[in-house]
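Working notes for the structure below.
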Amino acid sequence: MIRIQPEDFDLAEEYQQLRQGGAGVGAIVTFTGLVRDFNNIAERQGASVETLFLEHYPGMTERLLEDIIREARDRWQLSGVTVIHRIGELKPGDQIVFVGTAAAHRAEAFAAAEFLMDYLKTRAAFWKRVRRGGRNEWLDMKDSDRMAASRWQREGKQPGRDGGGQQ
Amino acid sequence: MIRIQPEDFDLAEEYQQLRQGGAGVGAIVTFTGLVRDFNNIAERQGASVETLFLEHYPGMTERLLEDIIREARDRWQLSGVTVIHRIGELKPGDQIVFVGTAAAHRAEAFAAAEFLMDYLKTRAAFWKRVRRGGRNEWLDMKDSDRMAASRWQREGKQPGRDGGGQQ
Amino acid sequence: MIRVLFFGRLGEYAENGRMELTSPPAPGTAAALRDHLGAVDAGLGKALAEPQVMVAVNQEVVDWDSPIHDGDEVAFLPPVTGG
Amino acid sequence: MIRVLFFGRLGEYAENGRMELTSPPAPGTAAALRDHLGAVDAGLGKALAEPQVMVAVNQEVVDWDSPIHDGDEVAFLPPVTGG
């Protein structure tokens, strides 16, 4: 399930949903991303940051997320997958992204959740900007995110174009 | 925080606790283990299973969990760690174990949660038995769990005796 | 008509991050459209020339030599920063 | 007095999974205690001889040649199956 929304989400509700996967569900992993202190995010000094704003490409974002989830389901046996990404204005401490996975075994649930997060950071059509001193500043992708995502790529394949197969 | 208890736990409460780690918390990972269908767990045919029971070694269990958590905190920058393990009689679908980690970055939160689960499966003093046809049967450790735990060991060290250092 | 969308830091070069062209600039590739926009606005041209900028046609990321047809939606995408 | 605890499948060899010995069997090592118990109950002896069984003295896993003193708590631990 994919949701892109300005509204907040409720971890407990999402978890209960993932638990409904039947008697075979033995492992549920949830990842929740929170907005960290803005100035930390912007990673440089200057006027203090007023807001964090998330823009997306409606339509394309959903399509990319569907691809990502399909890829995760190809790689691992999953009984449930949920991806929620918030858009619009957020403040420090706010929940920004949720990934939940349910599987028979924990290795699958962990790997799929991490895979989805790595790809959300590097492939899904979201852009973050901060506003400070009355000006908008767009944030750059972190090298650590690029490296994290590259773990999942297989030799001789285009980034993000590799189909099934275990890591 | 470590809790060993017959009582069920509430994911939402544990999550809110982990969220209280201050403005630096950017990533919260939760793992919840559920009791799968008993006959599946016992992994062989026969009379149908009546109950699942978890025994532990009071005192030693807590000590081992403290060691494991200390090791996780040595390896990764964590702003919060929670481990809950239930004991006593459980039924299919019940929550049996919870691991929650909070960190600035998702890589740390994921790695620590997986590390803690691998060690809980192989090093903490818990034993599972099923009752069927009026007889108790103790379950064996799965090879997959042994292998998962061995990932974290460093060369030339005893299992479970390796201190700090990244994977 | 070609609908052109600009995301992230590219959005500042067009009102509301979008513009419309009556037809694809010759020879009708994504690269030609990029070069055309750069010729009109040097700042935009420089921003689009960044090596990490990608182009999507009808919401699918494509190579720069991909064709653009009348009615297409073309989007210029700087590196994403989601999650 | 030595307090001896048996966990998991080993528990069936002692009432409530525990027994008490007045003193450590000579020469006072964990292995000597294991052998002593095996001499009294062949079934228990066989179960304790499984290579994956571990011994803890005062809640610390130790080698089989570790000494056991009066007042110690000795526990025999089959492979764990938590989580």
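Reminder, nothing fancy here: chain letters follow the sequence lines and each chain counts from 1.
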Subject >> Segment of B/Ile96 engaging chain D (4.5 angstrom heavy-atom cut-off) >> reply: side chain
Original post:
So which of B/His85, B/Met117, B/Arg129 has the biggest tally of heavy-atom pairs under 4.5 Å with chain D?
Top reply: B/His85
**OP:** Kindly indicate whether the side chain of B/Thr32, heavy atoms from C-beta on, has any atom under 4.5 Å from the side chain of B/Phe98.
**Re:** yes
Under 3.5 Å, sequence neighbours excluded: what are the donor-acceptor pairs made by side chains of residues 25-51 of chain D?
from	atom 1	to	atom 2	distance (Å)
D/Thr29	OG1	D/Ala32	N	3.0
D/Asp41	OD1	D/Gly43	N	2.9
D/Asp41	OD1	D/Leu44	N	3.1

Subject >> Mutual orientation of the aromatic rings belonging to B/Trp152 and B/Phe115 [parallel < 30°, tilted 30-60°, perpendicular > 60°] >> reply: perpendicular
Original post:
So, for B/Ala149 and B/Thr122, which heavy atoms are closest and what is the spacing to 0.1 Å?
Top reply: CB-OG1, 3.2 Å
Subject >> Under 3.5 Å donor-acceptor, B/Thr82 side chain and B/Gly100 backbone >> reply: no
Subject >> N/O donor-acceptor pair under 3.5 Å between B/Arg151 side chain and B/Ala148 backbone >> reply: yes
Original post:
Between D/Leu77, D/Asn58, D/Val80, which has the largest tally of heavy atom pairs under 4.5 Å with chain B?
Top reply: D/Val80
Subject >> Evaluation steps, side chain to side chain contact (heavy atoms under 4.5 Å, CB included), between B/Leu64 and B/Tyr119 >> reply: CA-CA 10 Å; B/Leu64 288 172; B/Tyr119 273 61; over 6 Å; no
Original post:
Which residues in residues 4-24 of chain D have a heavy atom less than 4.5 Å from any heavy atom of chain B?
Top reply: D/Leu5, D/Phe7, D/Gly8, D/Arg9
